[in-house]
Structures are given as C-alpha cells and as structure tokens.
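This report refers to the structure that appears directly beneath it.
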Amino acid sequence: MYILQALDIHKSFKKTEVLKGITLQLAKGEVLAIIGPSGSGKSTLLRCLNRLETIDSGVIEIDGEIMVRNDPKGRAVYSSEKDIARIRRKMGMVFQNFNLFPHKSVLENLMLAPMLVQRLDAVQAKERALVLLEKVGLSDKVNNYPFELSGGQQQRVAIARALAMNPDIMCFDEPTSALDPELTGEVLNVMKDLAADKMTMIVVTHEIGFAREVADRVIFMDDGLIVEQGTAEDVLLNPQHERTKTFLSTVLMAR
Amino acid sequence: MEYILSLLPTMLGGTVVTLKLFAFTLVMALPIGVVFAIARLSSLRFLNYFMQFYIWVFRGTPLLLQLLFIYYGLGIVGIKIDRFTAAVLSFVLNYSAYLAEIYRAGIQSIDRGQSEAADVLGLTRFQTMTRIILPQMFKRVLPPISNEVINLIKDTALVYAIGMSELLRVAKTASVRDFSFIPFFTAALFYLLMIGLVQQFFKWLEAKYDYYR
C-alpha cells in the first residue's frame, strides 16, 4: 500500500518540458532521496506533488485520495479545492530558503497554522510547539525572531513548523543548500531523527552522504526523467547508468 | 505678536477644517487603498483592468479638477452634495489611487516563498493575505505612505476652490484685509507644525516595526 503515487507526470514551463513522464511510489515510513543535477526537474517534481506547481498531465494520489488525474483527452484535472486542501494537509514542506515568517517569533511561527487551520486553541498550539522546538533543539529560542537565528537554526524551526501540522509525509526541497557548510550537520541530524521515527520523507538533496546513510531508496533524475532508482547502495555505490556515474563523480569530487 | 494672537481664532478655525478633511480622507483612503491594491493584483481580469483604468483616471487628472467636477460639475447635472462631502469624496477617490499603487508595490515586494509557506501550511488565501503578506507589506510601505500623508495635509489647501475656509484661505483673507504678510507666515508655521507631528508619528511607527527584519 503506497501513501503516495505519481503516474506519468508531465509539466512544462512555457515551452520547456521540465518533467517528461515521472512515475514514482512511496511507501509509508519510507525515506526517498531525489538527486540529480540542477535543472533536472527534481525540485519541480517535489513542488508538483503538493501542488505548488500544477501539472499538465498525470495522476497524483495521496493516502488513497486522488488529487489530480487525467481527463479522457489526457489533460490533468484537479479535484475540488476543498479536497485538495484536505489532501495537502497530509504533507509538510521544508524549503531551501526556510521561508519563516519574519514578523512572527519562533513560537508564533509554529502556532499560526495549527490555530488557523486546525482550530487548536492557543494553549494546545503552544504545548505542541514547545514539544517540537525541544525536538529540534531550539527550546532556548522560543521568543526569538527568525532574523536573530543562524541559517541552520532557521531551517530547524521551519522543520518544526511543518511538523506542527502533523503531516504524514514530509517534503524537503534542498533543505541544506542555502546553508554554510558547517551548519548543514545540525539540520541533517534533525532529519535523521525524523527518519528514525519512521516519518515518511521525500528529500530533494545534494547531500550524497546523507542520502546514503538515511534514504531507503534513491532516485536519480536528469533532464526531466528518472534515469535510475533503487536502494541507496545500488544507486550511489553501484550506479548502472553513465549519467549517474558522471553526476556522482562530479558531486563527490567537489567535496 | 499681538497681531498674530488676534489672527489665531480664525486661523485655528481654518486648521480645524483642514484637519477634519485630512482625518476623514485618511481613515477612508488608507483601507480602501489596500482593497484597491488587492483588486489591482486580482487574477479576475475585469477587476484588474477596472483598477488600472481607475488608477489611470485619478492619477492622470489634477486633484483640483476632480474636486471642481464633483462639487460644481455634478451640481450642474442635479447631484447636489455639500462642500465638505464633495471635498472628502474627491480626496478619498484620488488618494486611494495613489495609495493602491504604493500598497501594490509593497505586496509584490514580499518574497513569493512567504505565500508558498503559508499555502503548504494550509492557510487560505485570505488568511495568507491578512496574516502574512499585509503585515509585512505595511512595514515596507511606511516611508512612501508618510510622503502621501504629508502631501495630503498640503493638498487640503485646494478646497479653497470650492469656497471652504481652510487654513490657507483664512490666511489669504486676513492678508488682503490687513495688508500684511504675517498671516501667510503664521499659516506656514501651522503647516510645519502639523507636518512635523506627522513625521514624528511615522518615525515612531517605523521604530515600532523595527522588531524584525
């Protein structure tokens, strides 16, 4: 039983086709890493899965509910806004640039959506927020504002903010790419903890080491297509395709 | 000095007219401008084009013309409005157009990631606008808004054209009657005082919003 299925996803920006037929499944509790060169479409794919971008054709099904499917002419038709809102609530998203709300304190960042969307009262929302902030190791920053935090701390707040909505799937869009190298570790550690807690995760990343250590499965994308997928070991240590080999050697050389 | 003191009662009367118009205009134009800015950014084509047309008309013609049109022009076709209402109406219509453009720039300057983050957290578009975008927008537009507010104080002088006794007209009447430049000088002090207060207020507001970056 898959918690997420995407079938034959096509997506173009203007006339450039960035996703040329992507099919993937995700099992509950699985950690999937998507790697590939920039421009390969991996971030776009992730953004399509939670409808930050709309697809041109294909099917996306989350936890047994259809978010988008094809009409008889093969064009994507989305479900009603109400259904989509409910389906999307099952997914949390962490962005490359954190996107914390700068005018809200750390605590307020975590309390906002649970109160507005899930109608928690302030006491419940605060309780949940404090638990999560402890989990990401930022109990001492509760009343700080985002600009007072380091990039790594901001990203950990962003992870906690997404978790505050109790998602079934967590999506990470290059969560460490905007960070100074010495700050990536603290973010990756939080993500490792999540994986250990059996959170279902999709991680678009350049961190090959992290993928190897944490991911159950790795997808290598290039030019809008999945070139290769398999266990982390298969794809990262024993790649079959030339393009995967080239990419991996370039990335590993750069370190 | 005694002469200045003797001017004060009428000058203060004129100032009251000025301030009343100023306050009525701001209380209405500041929020209406937000609504107009959102309409201007709407994906509903009709609304979008209508706002572009509106802004073109009200920025594209003199405020004095709009004032005269609403008071005298509409009077000719039988729509009679009293002076003060006509003044408020034309000022609100005009200033809403300018403010809408300032707000629009402010809204568009907020990083897209902010609405995306709100979106994936499940906030509605209305919640995203009122809780995330607008609060950040207000901080950014304070400097241009203070410009507009200062302009508004001085623009109120235009209502002399429909026979209202605001500060400048009172000064001019006194000057002609007494053959003295002092009334103008006094009026200038009044304007400077009012605008000085507005400046201080905006300085305070900017400091208040300085708690985040």
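Below, chains carry the letters A, B, ... as their sequence lines are ordered, and counting in each starts from 1.
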>> Does R69(A), at its CZ atom, have more than 12 non-hydrogen atoms belonging to other residues, nucleotides or ligands within less than 6.0 Å?
In response: no
> Using a cut-off of under 4.5 Å for heavy-atom pairs, which of M93(A), R161(A), K104(A) has the most such pairs with chain B?
Replying inline: R161(A)
> Any chance NZ of K126(A) has more than 12 other-residue heavy atoms, nucleotides or ligands included, within less than 6.0 Å?
Replying inline: no
> Under the side chain to side chain contact (heavy atoms under 4.5 Å, CB included) criterion, do D111(B) and N97(A) qualify, and how do the steps go?
Replying inline: CA-CA 10 Å; D111(B) 187 81; N97(A) 295 317; over 6 Å; no
> Between Y209(B) and chain A, which part of the residue has a heavy atom less than 4.5 Å away: side chain, backbone, both or neither?
Replying inline: neither
> Any ion pair linking R88(A) and D119(B) (charged N to carboxylate O, less than 4.0 Å)?
Replying inline: yes
>> Just checking E127(A): does its CD atom have more than 12 heavy atoms from other residues, nucleotides or ligands closer to it than 6.0 angstrom?
In response: no
> Please walk me through it: do E116(B) and R47(A) pass side chain to side chain contact (heavy atoms under 4.5 Å, CB included)?
Replying inline: CA-CA 10 Å; E116(B) 287 187 351; R47(A) 292 167 59 82; 2.6 Å; yes
>> Please classify the contact between Q114(B) and chain A as side chain, backbone, both or neither, with a heavy-atom cut-off of under 4.5 Å.
In response: both
>> Between L100(A) and chain B, with a heavy-atom cut-off of 4.5 Å, which part of the residue counts as in contact: side chain, backbone, both or neither?
In response: backbone
> Can you name the nearest heavy-atom pair linking R213(B) to P102(A), along with the distance?
Replying inline: O-CB, 3.4 Å
>> Looking at F201(B), I'd like to know if its CZ atom is crowded, meaning that more than 12 non-hydrogen atoms belonging to other residues, nucleotides or ligands lie closer than 6.0 Å.
In response: no
>> Less than 4.5 Å to any heavy atom of chain B: does that hold for the side chain of N50(A), its backbone, both, or neither?
In response: side chain
> Roughly how far apart are N99(A) CG and R112(B) CZ, rounded to 0.5 Å?
Replying inline: 10.5 Å
> Side-chain contact, heavy-atom cut-off 4.5 Å: R131(B) with L116(A)?
Replying inline: yes
> Should L121(B) and V117(A) count as side-chain neighbours, where that means a heavy-atom distance under 4.5 Å?
Replying inline: no
> Should the ring pair Y212(B) and H103(A) be called parallel, tilted or perpendicular, given that the plane angle runs from 0 to 90° and is split at 30 and 60?
Replying inline: tilted
>> For F101(A), which atoms come within 4.5 Å of any heavy atom of chain B: side chain, backbone, both, or neither?
In response: both
> Near F147(A) CZ, under 6.0 Å, is it more than 12 heavy atoms from other residues, nucleotides or ligands?
Replying inline: yes
> Considering residues, nucleotides and ligands other than K198(A), do more than 12 of their heavy atoms fall under 6.0 Å from its NZ?
Replying inline: no
> So with a 6.0 Å cut-off around CZ of F13(A), is the heavy-atom count from everything else above 12?
Replying inline: yes
> In terms of heavy-atom contacts, does NZ of K20(B) have more than 12 from other residues, nucleotides or ligands at under 6.0 Å?
Replying inline: no
> Of all of A113(A), C171(A), P146(A), which one pairs up most often with chain B through heavy atoms under 4.5 Å apart?
Replying inline: A113(A)
